Amino acid sequence: DIRLTEVESQLCVLLDDCTKQLAEKGIHTSCRIAGGWVRDKLLGSHNNDIDIALENMTGHAFALEFTEFASKLKRLPVKSVAVVKGNPGQSKHLETAKTTVLGLDLDFVNLRDEAYAEDSRIPTQVTFGTPLEDALRRDLTINSLFYNVHTRSIEDHTSKGLDDLKDGIVRTPLPPKQTFLDDPLRVIRCVRFASRFGFELVPELQESASDRELQAALLQKIARERVGEEVDKMMGGRNPLMSLRLLDSLSLFPLVFNVPPAVAPLLSAQPASTSLAIAAASILRAFLQPDSSLFQHSPVHPLILSGLSSSTSVVPRLYMACALTPYRGITYVDEKNKERSVLGAVIREGLKVGTKNHYLDGIPALFIASGLLKSPNVQDDRFKTPSERVAIGLLLRQSSVHNALVGAHWTTSLLFSLIQDLVDCYDTSEDNFNTESAADVIGKYNDFANRIEELGLQEEVDTKPILDGNEIVRILGASKPGQWTGKALAEVVKWQLGHPGEPKEQCGEWLRGELAAGRITIEDVGSSTHVKRQKNSPKETAAKKSRK
């Protein structure tokens, strides 16, 4: 049974009335809400995206009639109809018309049937189909259900959709290989829906997913943006770990997190085992949901976990970074002879997800930060000079560790570094996690977090320098800022970390003293403070070149 909201019921009345008016003109069609909306309503979830399947009429033609009917006869505000063209070469076979009515996003498309040549999975002909023919061409039985707006009833033309939804089964309406070759992206969608709902893949589907012909088609036929969109939904979904496990078990991992063909021969090393990605994601899930632990561990310091809720992009980005763990430390030299991390190539070209959730700019920063923060023993000499507070504060203020522009917060950088260190406790060959070593690692990070609290650095990391560039220029009597200003600003930050709570006037006095002592140099200062450095004469320049 489906219970409609008041707005949804109003939409069904509008659609029904519109088809009746069209019948008076001699145009006969019927409307069915298809796919995800039906599935989600049956599962008790809300879905604001509604796909309307038309019988014997194109979606565009009906959308034009419907918007005119709703706006002129029913006086409702509607958006103009937009058309998304079909692209059979990328397995998008039908033109779709889009509009918004009653605050609901509507997609209109006709019921379809397809004919194929023997040597191609691009349809040679797409025709109007019956509800059964259309249902059989869909990706999953649970997505092939219709809601008939005229009879207000559910239609299960595959005779499997309702049972599979009830039993938690992911199954294709036709034999899996046929369904997947129609659109190879469907195998990834199967993984996403299985992890989203906690459903089980039927054995024949698992077998077909590993088929070489299908995997070749997935690489060659599907735009990487479509793959990236599915992966993004997995990382932000209910169970990203299950998604990664399924991709790995179906041998889809390297096809999804794909190294661009032009880059693959240039790698400094081959990617590590995909089991490292599963281990990293399992550790993250263990921290997010302690009841699902991969291993028994002592509690992690709350400070390390405090940034998880700071933004909706944090957890998806962390899971995506975990998935890319097999690529950590691997580089290549690009056409400009610059060394690059392969992480950027996989995100930018293999997935094409761009900076959404700060994937492209934030994930490389996470891996750089994990190298800087690795094994943070508070007894290390690196945390003693010039003082413990300054050394730790400067580390946390590193741009890859803490930078709002790329979504980096020092707490999540510390968490990801912990995860990467714990991955090293996992023996992939033996499938064994060394819990004793893991306890030592967590202990180090907890001690480090405790020391950050004791030193009062939590808020200090976000504090702006006590003096800005213009103030530094004025205090030192310079005529204008330059490259020297950034270096002076860095020294101000060090002073500030070492003198918490001191006023800026005292910092200014210290800065003048540093200039007088020659520890801070300025390239261009006013005549009242210093004489501008004179340029070398031609003779001196020639002598310097000769010495070089």
Side-chain angles (χ1 to χ4, degrees), residues 35-36 39 90-93 114 116 120-122 135-144 158 160-161 163-165 167-235 237-259 261 271 273-278 281-282 319-320 322-324 326 346 350-352:
R39 177 200 66 226
Q90 295 295 341
S91 296
K92 181 173 176 53
H93 301 150
E114 297 165 354
Y116 295 86
S120 173
R121 297 315 303 169
I122 297 178
L136 292 175
R137 289 297 177 188
R138 292 184 177 265
D139 54 358
L140 302 174
T141 56
I142 61 173
N143 292 339
S144 65
T158 68
K160 296 175 183 175
D163 286 340
D164 286 347
L165 197 61
D167 298 335
I169 297 293
V170 172
R171 186 199 317 269
T172 55
L174 294 172
K177 186 173 180 178
Q178 181 179 346
T179 295
F180 293 155
L181 287 176
D182 285 354
D183 181 356
L185 187 72
R186 287 172 172 174
V187 68
I188 301 177
R189 285 172 57 83
C190 286
V191 169
R192 177 164 67 85
F193 284 114
S195 62
R196 175 181 173 183
F197 299 120
F199 285 5
E200 183 179 349
L201 304 176
V202 294
E204 59 269 25
L205 189 154
Q206 297 182 48
E207 183 179 345
S208 294
S210 303
D211 182 85
R212 288 188 178 182
E213 183 184 2
L214 167 66
Q215 296 196 349
L218 182 60
L219 277 179
Q220 297 165 10
K221 188 178 180 181
I222 301 303
R224 299 311 299 181
E225 292 92 340
R226 295 183 69 203
V227 176
E229 184 180 354
E230 291 296 321
V231 173
D232 172 52
K233 289 177 180 178
M234 291 180 197
M235 298 302 100
R238 173 186 170 189
N239 195 339
L241 174 59
M242 183 178 175
S243 298
L244 296 176
R245 282 177 170 161
L246 286 173
L247 290 173
D248 189 36
S249 66
L250 298 174
S251 303
L252 295 171
F253 207 96
L255 305 179
V256 171
F257 300 98
N258 184 246
V259 178
S273 169
T274 53
S275 59
L276 292 185
I278 308 304
S282 298
Y319 269 117
M320 184 78 85
C322 288
L324 295 170
V346 173
L351 294 170
K352 292 195 174 182

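Everything numeric here is computed off the predicted structure, so don't read it as measured data.
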TODO: Have a look at Arg189 and tell me which of Val170, Asp183, Asn143, Leu140 forms a side chain to side chain contact (heavy atoms under 4.5 Å, CB included) with it.
DONE: Asn143
Name all residues meeting the side-chain hydrogen bond (donor to acceptor under 3.5 Å, both in side chains) criterion together with [X]; count only those two or more places apart in sequence or in a different chain, and write none if there are none.
X	answer
Arg186	none
Ser273	Ser275
Ser208	none

- [ ] Can you sort out the partners of Phe257 under ring pair (Phe, Tyr, Trp, His ring centres under 6.0 Å), two or more places apart, ordered by chain and number?
- [x] Phe253
Sequence neighbours left out, what passes salt bridge (charged side-chain N to carboxylate O under 4.0 Å, His left out) with [X]? Give chain and number order.
X	value
Arg39	none
Asp248	none
Asp167	none

To the nearest 0.5 Å, what is the distance between [atom1] ([X]) and [atom2] ([Y])?
X	Y	atom1	atom2	answer
Leu252	Leu244	CG	CG	12.0 Å
Leu136	Thr158	CG	OG1	7.5 Å
Arg137	Leu174	CZ	CG	6.0 Å

Open item on the list: Can you confirm whether Ile188 sits close enough to Leu185 that some side-chain heavy atom of one is under 4.5 Å from a side-chain heavy atom of the other?
Closed with: yes
Partners meeting side chain to side chain contact (heavy atoms under 4.5 Å, CB included) with [X] (sequence neighbours left out):
X	value
Asp164	Thr141, Ile142, Lys160, Ile169, Arg171
Leu219	Arg224, Leu255, Asn258
Ala209	Val187, Leu250

Open item on the list: Could you report the tightest heavy-atom contact between Met234 and Pro240, atom names first, then the distance?
Closed with: O-CG, 3.5 Å
Acceptor/donor pairs from residues 193-206 side chains to any protein atom, 3.5 angstrom cut, sequence neighbours excluded:
unit_1	atom_1	unit_2	atom_2	d
Ser195	OG	Val191	O	3.2
Ser195	OG	Arg192	O	3.0
Ser195	OG	Ser243	OG	2.6
Arg196	NH2	Asp40	OD2	3.4
Gln206	NE2	Leu201	O	3.0

